[in-house]
Amino acid sequence: QVQLVESGGDLVQTGGSLRISCAASGRAFSMYDMGWFRQAPGKEREFVAGISRNTITTRYADSVKDRFTISRDNAKNTLYLQLNKLKPEDTAVYYCAANFRPYGSEFVGITEYNYAYWGQGTQVTVSS
């Protein structure tokens, strides 16, 4: 089992940048595919970005493509999300999620059902 703790959420202005992190503890981080999701008030949680366990494959939601970058440091057991050119509609609680998958071909899930472990979330607020 893995435990996930997000950090780095903040209040930023439109057009600004932010990097949020997710620290993992427990079983080998490098055996997990990882993802970022977000949930805005009154909306369902949605996929933002995902990265395979060996960093070869990444996927992004269309709404954040070319603005956000997902990365991971397996030596530090940490997942990152760089958020650039932020918009008010990016305001949400951001969650990291993990899917234990030590074997198999490249795959990055884009639904909540692809991930078994979740962090508690970090708030990102973008002011207009």
_Approximate separation, where rounding is to 0.5 Å, of Met31 CE and Asn99 CG_ = 13.5 Å

*Sorted by first residue and then second, give each salt bridge (charged side-chain N to carboxylate O under 4.0 Å, His left out) pair with at least one member in residues 118-128; sequence neighbours left out.*
none

*What pairs with Ala23 under side chain to side chain contact (heavy atoms under 4.5 Å, CB included), at least two apart in sequence or on another chain?*
none

*From Gln3 CD over to Cys22 SG, what is the distance, rounded to the nearest 0.5 angstrom?*
11.0 Å

*Name all residues meeting the salt bridge (charged side-chain N to carboxylate O under 4.0 Å, His left out) criterion together with Arg38; count only those two or more places apart in sequence or in a different chain, and write none if there are none.*
Glu46, Asp90

*asked:* Filter on ring-ring contact (aromatic ring centres under 6.0 Å, His included), then keep only pairs touching residues 67-95, sequence neighbours left out; what's left?
replied: none

_Of all pairs that satisfy salt bridge (charged side-chain N to carboxylate O under 4.0 Å, His left out), the ones with a partner from residues 114-128, not counting sequence neighbours_ = none

_Same cluster or not: Val2 versus Phe100, using hydrophobic residues (I, L, V, M, F, W, Y) connected whenever any side-chain heavy atoms lie under 4.5 Å apart?_
yes

*By side chain to side chain contact (heavy atoms under 4.5 Å, CB included), which residues pair with Lys43, not counting sequence neighbours?*
Ala40

*Partners of Phe107 by ring pair (Phe, Tyr, Trp, His ring centres under 6.0 Å), sequence neighbours excluded?*
none

*How many angstroms lie between OG in Ser25 and CG in Leu4, if you round to the nearest 0.5 Å?*
7.5 Å

*If you measure only the distance, is there a donor-acceptor pair under 3.5 Å linking the side chains of Glu89 and Thr91?*
no

*asked:* Under the ring-ring contact (aromatic ring centres under 6.0 Å, His included) definition, can you give me all pairs with a residue in residues 46-67, not counting sequence neighbours?
replied: Phe37-Phe47

_Quick one about Thr78 and Asp73 (side-chain donor to acceptor, distance below 3.5 Å, no hydrogens or angles considered), yes or no?_
no

*For residues 91-108, pull every pair meeting salt bridge (charged side-chain N to carboxylate O under 4.0 Å, His left out), keeping only residues two or more places apart or in separate chains.*
Asp33-Arg101

*In Å, rounded to the nearest 0.5 Å, how long is the span from CG of Leu83 to CD1 of Ile20?*
5.0 Å

*asked:* I need the full list of salt bridge (charged side-chain N to carboxylate O under 4.0 Å, His left out) pairs touching residues 116-128, with sequence neighbours left out, sorted by first then second residue.
replied: none

*Expected output: side-chain Arg53 to main-chain Met34 donor-acceptor under 3.5 Å*: no

*Nearest-0.5 Å distance that lies between atom OH in Tyr32 and atom CG in Asn77*: 10.5 Å

Throw together a table of side-chain donor-acceptor distances under 3.5 angstrom for residues 108-121, partners on residues two or more places apart or in other chains.
from, atom 1, to, atom 2, distance (Å)
Thr111, OG1, Tyr113, N, 3.3
Thr111, OG1, Asn114, OD1, 3.0
Glu112, OE1, Arg45, NE, 3.2
Glu112, OE1, Arg45, NH2, 3.0
Asn114, OD1, Ile110, N, 3.2
Asn114, OD1, Thr111, N, 3.1
Tyr115, OH, Gly109, O, 2.7
Trp118, NE1, Tyr115, O, 3.3
Gln120, NE2, Glu6, O, 3.4

Can you give the donor-acceptor pairs under 3.5 Å from side chains of residues 8-15 to other protein atoms, not counting sequence neighbours?
from, atom 1, to, atom 2, distance (Å)
Thr14, OG1, Ser127, O, 2.7

